[in-house]
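Have a look at the structure below before the remarks.
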There are 2 protein chains.
Amino acid sequence: MTAPLHEARPSGPGRALPDTQQGMRRRNLARVLHTVRAQGPLSRAAVASRIGLTRAAVSTLVDELIRSGLLEELGPERPGRVGRPGSALAVSGRGPAGIGAEVGVDHLAVCAVDLRGTTRARAIRQGANRDRSPQPVLAELTELIRQVVAEAEGEGLWPAGLAVAVPGLVARDGRTVVRAPNLGWHDTDLGTLLPAGLPLTVDNEANFGALAELWLGEDTPRDFLHVSAEIGIGAAVVVDGGLLRGTRGFAGELGHVPVRPDGPECACGGRGCLEQYAGEEAVLRAAGLEPGEDRVGLLAGRAAQGDENVRRALRDAGTALGVALTGAVNLLDPESVVLGGELSGLAPWLLPSLRDELARRTAGPVCPVTVSPLGPEGPLLGAAHSVVRAVLDDPAAVAGQA
Amino acid sequence: MTAPLHEARPSGPGRALPDTQQGMRRRNLARVLHTVRAQGPLSRAAVASRIGLTRAAVSTLVDELIRSGLLEELGPERPGRVGRPGSALAVSGRGPAGIGAEVGVDHLAVCAVDLRGTTRARAIRQGANRDRSPQPVLAELTELIRQVVAEAEGEGLWPAGLAVAVPGLVARDGRTVVRAPNLGWHDTDLGTLLPAGLPLTVDNEANFGALAELWLGEDTPRDFLHVSAEIGIGAAVVVDGGLLRGTRGFAGELGHVPVRPDGPECACGGRGCLEQYAGEEAVLRAAGLEPGEDRVGLLAGRAAQGDENVRRALRDAGTALGVALTGAVNLLDPESVVLGGELSGLAPWLLPSLRDELARRTAGPVCPVTVSPLGPEGPLLGAAHSVVRAVLDDPAAVAGQA
DNA sequence: GCTATTTCGTCATGCCGGTTTACAAATTAG
DNA sequence: CTAATTTGTAAACCGGCATGACGAAATAGC
């Protein structure tokens with residue numbers, strides 16, 4: 001009764017699972033694993049004091065995790081303090097691995113990440129995928145996946161799942177690409193076209209990018225806005241360490257936030273949407289360039305060379321982004337805004353005007369705008385880590401699968 | 001591993017409390033109580049099958065809840081099916097009560113709500129509070145609270161907590177009013193000015209209104225946007241059955257979402273904020289009226305009489321709201337938008353243009369906009385129910401206090 | 001160097017909480 | 001009236017964490 005009363009998250013029926021002793025055990029296994037992973041090598045006693053269980057209980061949990069191959073014993077700690085030194089525990093580098101894959105407009109990429117978060121294998125293949133049909137593209141991707149899985153297995157890892165990032169809208173089933181305009185795909189069930197036998201998740205590139213930022217960023221808060229421009233302009237809203245997906249899974253459509261209500265018409269039916277000012281096509285047009293292959297690279301290159309038209313176009317785009325983000329920040333009060341994905345490459349020319357606009361329109365402290373250090377790597381890493389995360393969240397589920 | 005992998009909410013360190021057997025018991029007590037309250041009179045067997053525990057376990061849980069005075073046995077059910085009829089259980093009408101209070105600009109109100117959700121006592125006092133100092137106002141409120149508590153106690157209830165709705169910003173401590181422009185209060189700690197001995201929570205009127213909508217609305221979804229106009233224009237964002245508060249507690253500032261980036265200057269430093277078009281003052285000005293006491297009532301009255309200036313002003317405000325909500329809907333993909341609080345009285349003249357604007361700017365299915373049936377009652381009810389909710393969420397905490 | 005102290009990991013034991021099994025009670029179906 | 005079905009409860013069981021005690025391995029003090 002001391003905490004704020006109406007943090008209603010745990011209200012209602014609460015968790016769906018019955019609160020039984022087995023569930024308790026599973027959650028405590030997860031707590032131990034998470035703690036060891038996050039806080040470096042730790043003794044059993046240290047884990048116990050951190051998660052509030054007794055040393056005896058932690059001992060049995062650790063035993064189980066070691067037997068499952070998720071934790072390993074590094075041996076006695078070097079003692080600095082009085083008392084018997086503990087035996088250091090660390091997450092295993094030879095257990096399950098998360099396989100992440102990315103279908104980009106002009107590349108395919110796959111990587112394997114172990115429980116420690118280290119990337120242990122990767123494969124990239126350049127080549128334009130725009131308007132190629134899904135079958136051949138996914139056949140190539142499958143080949144890359146096989147390579148990466150083989151390489152990971154060579155190091156004693158086994159694949160715990162596959163997560164695929166695509167530049168498009170994904171149905172809530174987590175398998176079907178509803179619409180990927182830059183690929184020309186629609187209503188494609190990737191489940192039938194990718195290697196079977198691995199648990200599969202498909203999601204939007206921007207979502208995985210935001211999760212990568214959340215999980216891998218240095219001081220990333222638990223509430224932030226992750227803006228990227230892969231298809232149109234997307235934002236992922238991270239609230240309380242989780243993705244806000246929306247009822248239909250369409251949350252984060254920053255590109256269609258009205259910036260000037262009487263502006264040019266947009267494909268969405270509206271007028272003056274952000275996309276009309278800061279979308280790829282709009283910026284290219286404003287800069288007087290033709291839409292080509294590597295459009296973001298082209299813009300970045302010209303801007304770096306000092307092309308004043310390009311720079312002006314990007315400045316204006318930054319201003320429009322600032323207007324749209326003012327609305328978003330007012331609505332969500334995030335701790336920060338992060339520019340990620342391909343957008344991070346254009347940040348030097350977008351940021352000044354964006355920050356100006358945001359500051360001008362804000363009373364009090366201005367929401368900080370930063371650039372993701374992961375850059376275009378985000379989505380791929382986020383995908384792989386989402387699999388790892390699932391293992392950490394419920395170690396018991398994968399226990400016997402090695 | 002079958003559920004979507006990156007619903008990361010339960011990720012990270014997870015709940016802060018150690019997952020011990022006592023915690024399990026407490027959560028199961030809550031599950032039983034919630035189930036009985038939500039699904040009407042229910043037998044022990046019915047509860048057991050719904051929450052996934054055995055009849056035996058539910059029996060002991062129910063015993064404990066009955067001993068605490070939170071549940072009561074209604075006697076044997078009328079049998080329609082084969083087999084021994086169960087004994088109906090219902091939440092008690094004589095246990096703890098939630099006391100809700102509201103400090104309005106021109107009224108004070110208090111009510112008591114029992115576990116069943118029934119309002120059992122209430123007191124209202126009209127009178128302008130604008131620019132009165134906190135002490136006398138809260139002394140009056142304290143008197144009303146005493147009346148209501150006495151009345152509730154006469155019916156066998158005991159107060160489990162007090163929740164106060166105020167038209168202003170409240171600090172994250174849940175006690176201090178940072179700024180309430182319409183009252184002229186700032187940095188006022190209500191904890192020292194209200195009856196001690198009761199657990200106290202203070203929150204924004206709009207937040208409580210949204211929670212009332214969530215808990216009491218007929219088919220209210222778990223994800224929606226609740227718009228109200230008490231101080232400026234506020235929106236409460238409800239995500240997954242919980243309030244999105246933001247890092248600084250400032251989330252939902254719909255009033256300062258830019259509608260026309262080059263519009264008139266706003267006190268926030270920006271230009272063309274929604275408040276400049278749909279705020280109380282702006283609408284009164286556009287309608288050619290002087291700011292007086294009951295401003296919303298004035299507008300509604302004139303509009304109902306057919307005053308064309310007022311109607312036009314409200315139509316235009318609806319259009320501006322539509323633009324701002326388009327942005328919000330694109331960002332959050334809520335299941336619906338609800339107009340609540342004082343705003344619900346103006347809905348007939350706001351809604352048509354608002355819906356038009358939203359529909360015009362939306363591709364695909366349009367987010368439905370509805371009017372809260374609770375109207376101006378929302379905040380008061382939400383406050384009282386927030387206390388009830390806290391009891392339902394952790395019955396063990398209040399068990400021995402009767 | 002020797003002992004006291006501290007801390008770690010692990011037993012054996014106990015308690016707590018949900019499950020299983022069994023059974024009496026109360027109803028409908030035939 | 002009997003068989004079948006469902007409810008609620010009691011007894012025995014089991015799984016899981018806590019408690020308390022112990023040996024092991026380090027430091028601190030003499």
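Sequence lines set the chain letters: A, B, ... in the order given, protein chains first and strands last, and positions in each chain run from 1.
Along DNA chain D, the nucleotide closest to A/P76 and the one closest to B/A45 are compared, and the more 5′ of them pairs with B/A45. Nearest-nucleotide assignment on DNA chain D puts the 5′-proximal partner with B/G83, out of A/R84 and B/G83.
A salt bridge between A/E64 and A/R26 is absent, with no side-chain N of the basic residue lying under 4.0 Å from a carboxylate O of the acidic one. Look at A/D19 and B/R31 and you find no salt bridge, because none of the NZ, NE, NH1 or NH2 atoms lies under 4.0 Å from a carboxylate O.
Dense packing is recorded around CD of B/E153, with more than 12 heavy atoms of other residues, nucleotides or ligands lying under 6.0 Å away.
When all heavy atoms are compared, the tightest approach of B/L243 to B/A236 is CD1-CB, 4.1 Å.
Across the helix from C/dG1-D/dC30 to C/dG30-D/dC1, the helix axis at one end is tilted relative to the axis at the other end by 0° (nearest 10 degrees, each axis from five pairs).
Looking at A/T60 and A/R25, their side chains do bring a donor and an acceptor atom within 3.5 Å of each other.
Applying the salt bridge (Lys or Arg N to Asp or Glu O under 4.0 Å) test to residues at least two apart or on different chains, none of the pairs has a partner in residues 48-59 of chain A.
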Mind listing the side-chain donor-acceptor pairs of residues 78-90 of chain B below 3.5 Å, one per line with the distance, residues two or more places apart or on another chain?
from	atom 1	to	atom 2	distance (Å)
B/S87	OG	B/E73	OE2	2.6

Dump every N/O contact between nucleotides 28-30 of chain D and the protein below 3.5 Å, one line per pair.
none

Tabulate atom names and distances for all N/O pairs under 3.5 angstrom spanning the protein and nucleotides 9-16 of chain D.
from	atom 1	to	atom 2	distance (Å)
D/dT9	OP2	B/R44	NE	3.3
D/dT9	OP2	B/S59	OG	2.6
D/dG15	N2	A/Q21	OE1	3.2
D/dG15	N3	A/Q21	OE1	2.9
D/dG16	O4'	A/Q21	OE1	3.4
D/dG16	N2	B/Q21	NE2	2.8
D/dG16	N3	B/Q21	NE2	3.3

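Separating the CZ atom of B/R78 from the C1' atom of C/dA26 is a distance of 15 Å, rounded to the nearest angstrom.
If you check every strand for non-hydrogen atoms under 4.0 Å, A/T54 touches a base.
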### side-chain contact (heavy atoms from CB on, under 4.5 Å) assessment of A/V238 paired with A/L244
CA-CA 6 Å; A/V238 175; A/L244 192 159; over 6 Å; no

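Residues B/L211 and B/H385 have side chains not in contact (no heavy-atom distance under 4.5 Å, counting atoms from C-beta outward).
Taking the side chain to side chain contact (heavy atoms under 4.5 Å, CB included) definition, one finds that B/A383 meets it with B/A163, B/F208, sequence neighbours left out.
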